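Chain identifiers are assigned alphabetically (A, B, ...) following the order of the sequence lines, protein sequences preceding nucleic acid strands; residue numbering begins at 1 within each chain. What you are looking at is a predicted structure, and each value in this text was computed from that prediction instead of being measured.
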There are 2 protein chains.
Amino acid sequence: MPDPEIRMRKMVEALRENQYRITPQRLAILKVLAESKGHPSVESIYEQVKTNFPTTSLATIYKNVAVLKDLHQLLELGFSDDSNRYDGNKPYDHPHVVCTVCRKILDPDISALADMTQELTRETGFAITRHRLDFFGICPDCQARQ
Amino acid sequence: MPDPEIRMRKMVEALRENQYRITPQRLAILKVLAESKGHPSVESIYEQVKTNFPTTSLATIYKNVAVLKDLHQLLELGFSDDSNRYDGNKPYDHPHVVCTVCRKILDPDISALADMTQELTRETGFAITRHRLDFFGICPDCQARQ
DNA sequence: TTTTAATGGAAAATGATTATCAATAAATAG
DNA sequence: CTATTTATTGATAATCATTTTCCATTAAAA
Ligand SMILES: [Mn+2]
Ligand SMILES: [Mn+2]
Ligand SMILES: [Zn+2]
Ligand SMILES: [Zn+2]
């Protein structure tokens with residue numbers, strides 16, 4: 001079974017468990033989130049869903065994103081100078097790499113992260129519970145185009 | 001010479017070099033930025049400046065913050081769910097630790113950072129130019145109060 | 001003294017998100 | 001399968017807190 005499909009089932013299951021109704025629009029939104037690799041914005045989810053359900057409202061996307069966030073099935077990446085972006089595949093804190101040219105966002109594998117959090121706790125005495133780690137740069141595609 | 005004083009001179013110098021006028025309000029803002037440890041918001045700078053210059057306008061703080069940002073003398077930390085915070089002492093990218101209770105922000109020393117950026121470049125092919133690394137948790141003071 | 005940047009006070013813009021509500025349709029029991 | 005209940009949708013208006021703009025007044029620089 002492909003990965004996005006597994007992920008989608010998981011999200012549907014979470015909705016069912018919490019007595020949310022399974023609507024076609026909802027499924028379309030889950031599909032976009034499960035299949036997307038670039039961390040879409042609400043606007044981008046909206047555009048994609050509209051290709052199958054042209055009458056879909058932007059408000060519906062917002063409402064569903066809020067539901068999935070509540071169910072901890074969605075990671076929200078807020079940007080103070082841009083619209084929020086969402087990760088429906090890894091709904092927990094992890095680092096990101098953001099291309100400053102095409103605005104695509106990727107999930108890198110970073111092994112040094114656990115060490116970093118430990119070093120931090122030791123040094124500051126903070127009880128660290130969350131993190132938000134964004135690296136900005138130019139992706140290989142955009143580098144090639146220049 | 002104390003550290004904040006050195007920092008303040010540096011900022012005044014940058015203003016002079018770029019033909020900005022040195023006003024009492026401006027100096028007061030620099031002082032707050034140079035002496036502050038907790039990464040103040042515009043509102044917080046405003047409150048502090050008002051103790052010496054009661055007629056100061058909030059607009060003046062905004063305008064001066066913009067100037068200092070332009071001169072690369074100020075690091076802006078934008079939060080999508082809160083007002084911006086500023087670091088006038090280290091006007092370049094560096095990690096932060098944010099207390100989720102009292103909202104104070106500290107600068108930890110993290111040695112593992114350079115390694116992390118390298119690992120990232122190797123793995124993703126991105127040309128990394130900037131970063132924004134925030135760790136969230138509860139500071140020692142707030143832990144003690146609980 | 002002259003020039004013009006900076007200030008202060010207020011109003012205006014900003015724009016993504018949230019609220020509203022009538023219409024629709026998912027769930028479920030009979 | 002049908003009826004009932006009520007969550008969800010779609011369209012639009014309202015919100016909200018910063019941040020920006022405006023402009024007459026003030027004062028820094030030379
Ligand atoms: Mn991600
Ligand atoms: Mn800092
Ligand atoms: Zn790119
Ligand atoms: Zn605290």
Whichever of Ser83(B) and Ile22(B) has its nearest DNA chain D nucleotide further upstream toward 5':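 Whichever sits nearer the 5' end wins; that is Ser83(B).
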
Between the side chain of [X] and the main-chain N/O of [Y], is any donor-acceptor distance below 3.5 Å?
| X | Y | value |
| --- | --- | --- |
| Thr121(A) | Thr117(A) | yes |
| Asp93(B) | His131(B) | yes |
| Gln143(B) | Ile138(B) | yes |

Separation of dA26(C) C1' from Leu15(A) CG (nearest whole Å):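 So the two atoms are 13 Å apart, to the nearest Å.
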
Euclidean distance, atom CG of residue Asp82(A) to atom P of dT14(C) [Å, nearest integer]: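 Roughly 17 Å, once rounded to whole Å.
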
Stepwise side-chain contact (heavy atoms from CB on, under 4.5 Å) test for Thr124(A) and Phe135(B): CA-CA 11 Å; Thr124(A) 65; Phe135(B) 293 86; over 6 Å; no

Any donor-acceptor N or O pair under 3.5 Å, side chains Asn89(B), Arg7(B):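 No, no side-chain donor-acceptor pair sits under 3.5 Å.
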
Along DNA chain D, first and last positions that approach a heavy atom of chain B under 4.0 Å: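 First and last nucleotides in contact are dT18(D) to dA29(D).
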
Note, Asn84(B) side chain near Val42(B) side chain (heavy atom, < 4.5 Å):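 When only atoms from C-beta onward are counted, Val42(B) and Asn84(B) do not touch, as no gap falls below 4.5 Å.
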
Ile105(B) side chain reached by Asp134(B) side chain, heavy atoms, under 4.5 Å: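 No, too far: nothing below the 4.5 Å cut-off.
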
Any Tyr62(A) side-chain nitrogen or oxygen under 4.0 Å from OP1 or OP2 of dT17(C):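 Looking at the OP1 and OP2 atoms of dT17(C), one of them is under 4.0 Å from a side-chain N or O of Tyr62(A).
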
Heavy atoms of other groups near Arg130(A) CZ, more than 12 under 6.0 Å: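 Counting neighbours around CZ of Arg130(A), 12 or fewer heavy atoms of other residues, nucleotides or ligands fall under 6.0 Å, so no.
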
Heavy-atom protein contacts under 4.0 Å, nucleotides 4-13 of chain C, coded B base, S sugar-phosphate only, - none: BBSBBBB---

